[in-house]
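Proteins get letters first, then strands, A, B, ... in listed order; numbering begins at 1 in each.
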2 protein chains.
Amino acid sequence: MADRKIISFENIKVACKNCSLATLCLPMGLAPEDVERLDAIVKRNRPLHRGDHLFRQDDSFHNLFVVKTGSVKTYAPSEDGGEQVLGFHLPGEIIGLDAILNNRHGCSAKVLETSAVCELPFDRLEDLAANVPSLQHQLYRLMSKEIADETHMLMLLGKKNAEERLAAFLLSLSNRFKRRGFSSTDFYLSMSRHEIGSYLGLAVETVSRLFTRFQDEGLVRVERKHIQIIDREGLESLVAGQRNHRDQQQAPS
Amino acid sequence: MADRKIISFENIKVACKNCSLATLCLPMGLAPEDVERLDAIVKRNRPLHRGDHLFRQDDSFHNLFVVKTGSVKTYAPSEDGGEQVLGFHLPGEIIGLDAILNNRHGCSAKVLETSAVCELPFDRLEDLAANVPSLQHQLYRLMSKEIADETHMLMLLGKKNAEERLAAFLLSLSNRFKRRGFSSTDFYLSMSRHEIGSYLGLAVETVSRLFTRFQDEGLVRVERKHIQIIDREGLESLVAGQRNHRDQQQAPS
DNA sequence: CGGCGGAATTGACGTGGATCAATTACGATC
DNA sequence: GATCGTAATTGATCCACGTCAATTCCGCCG
């Protein structure tokens, strides 16, 4: 009891309308009274800690999750203990949309650092969306964004080499931090080299070597998890890939 | 006029309720009267021919497209005339969901063979969905499926080698043909080796060599575009990837 | 403060698949 | 049926990146 009181500050729950993420998250584009209605179905839990799961593959699906602070990775575990990282999720990003299809989660989601996460019961959200066209539209938009983002990732994995992939990854993080009001040039990675490699389809050693190479070339400053972007344009021209190889031929009519 | 009459058989337009795809497509799970309402907003065009575009990258977005017969590829063109194939779409599959976000198509869509395609004005569909919960739900499901499919593809590109990718591709086609009432063991490819390679992140030559290898190993019979699956289980065990390499290590807690 | 264990780095080496280069096989057109 | 252009196959070579192995670094805990 006393205990509960002491840590009660953890329970401070920011209403959607006061949340700094309102312009990236579901409330985007909603009228104030609709934000209130959305607010009424959001569950806000106490912070989770590194290693906690939001859900595991094959869990039955009830809620979508939105990162409020911290970061989360989604991944597909494989029998043999290995895993394929599918995504890293920053504040304002929605997790679980792939589970609507079968009412079952197709991947696992694990917290990378102490994080706050909002929970949205999907059936209630769906009901509300049917009555609030702008919310319905925003849901479609968010799902569309998820599709577009994954398409972008497919292109990265399909035809970019290792350095183009890592450069794109760093720029993606940089841009997302910026939108969230953090520095776009100075940030900390919450994931390991191993996880970055898994996400980008590269070996850990390759990731490590590229970080040192990028640093030697004056593109970034790397100190363990601490990243500083020194030459953003340099990274961008890497991604654009002057040195792009595969598949430059003409397609058939 | 006479002309129009002569080819008028092309204009035979199957209503959704009579369409053989009703159980895979948007009408899935809708009550008959709701199918009628959906039917009312569907535009059915005359068949398109090989090379015709449904839309091009950066076109403004108005309609979703559903393949009725034939096949369509989506791809991202690059300045230099190259392209990255993003997907192959068979009857009953929806195209254009990634465009909802910005009201602009993020990729191009081109018909691979003579094909019939239904067109759905998205704004009218959205309005209808707001009034027909089962349609709204079906739309969420279809978008969720798109996300889950792309996730699956990310895993393929992220950690599978060339033969695992091609085996998975063949099995995917086989399964999709089966659901559509076609043979799952004997079919024709509507796309070129080059397009397969682009889709799978492989060089044309690699695709070609793998086809011959698979044939030599008695997994399939290949004769140009004509494919016969001889040993489905063999292909499946390839995909499962006994010989799987990358990333079998333990993840951190 | 010292010792332990996982994470990261660095180096040496091997290989899967890209690239380059011919050759062959089709399909379209007249 | 001859001609041409593109698709597909096949072979030879190369290299980006994975794998293996050793070392260093850092956070953690007694």
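- Across all strands, A:Arg224 comes closer than 4.0 Å only to sugar-phosphate atoms, never to a base (heavy-atom distances).
- Nucleotide C:dA18 holds its P atom 5 Å from the CG atom of B:Leu202, rounded to whole Å.
- Of the listed nucleotides (C:dT9, D:dA8, C:dT10), C:dT10 has the atom at the smallest distance from the side chain of A:Thr212.
- When each of C:dT19, D:dA8, C:dG17 is scored by its nearest atom to the side-chain atoms of B:Asn161, the top-ranked nucleotide is C:dG17.
- For the pair B:Ile196 CD1 and D:dT9 C1', the computed distance is 14 Å after rounding to whole Å.
- A ring-centre distance under 6.0 Å is found for B:Phe55 and B:Phe65.
- Straight-line distance from the NE2 atom of A:His226 to the P atom of D:dG27: 14 Å, rounded to whole Å.
- In this structure, the CD atom of B:Glu163 is 17 Å from the C1' atom of C:dA18, given to the nearest Å.
- Closest to the side chain of B:Ser208, out of C:dA18, D:dA8, D:dG18, is D:dA8.
- Rounding to whole angstrom units, CG of residue B:Leu157 and C1' of C:dG17 are separated by 15 Å.
- Ring pair B:His105/B:Phe61 is perpendicular by interplanar angle, where above 60° counts as perpendicular and below 30° as parallel.
- Note on ring orientation: taking the six-membered ring where Trp is involved, the planes of B:Tyr188 and B:His226 are parallel (angle under 30°, cut-offs 30° and 60°).
- Note: B:Phe182 and B:Phe177 have perpendicular aromatic rings, judged against thresholds of 30 and 60 degrees for the angle between ring planes.
- When each of D:dC17, D:dA8, C:dA18 is scored by its nearest atom to the side-chain atoms of B:Arg193, the top-ranked nucleotide is D:dA8.
- The side chain of B:Glu205 sits closest to D:dG11 out of D:dG11, D:dA8, D:dC20.
- For the pair A:Lys225 and D:dC26, the criterion of a side-chain N or O lying under 4.0 Å from OP1 or OP2 is not met.
- For D:dG11, its base sits under 3.5 Å from the side chain of B:Arg209 at one donor and acceptor pair at least.
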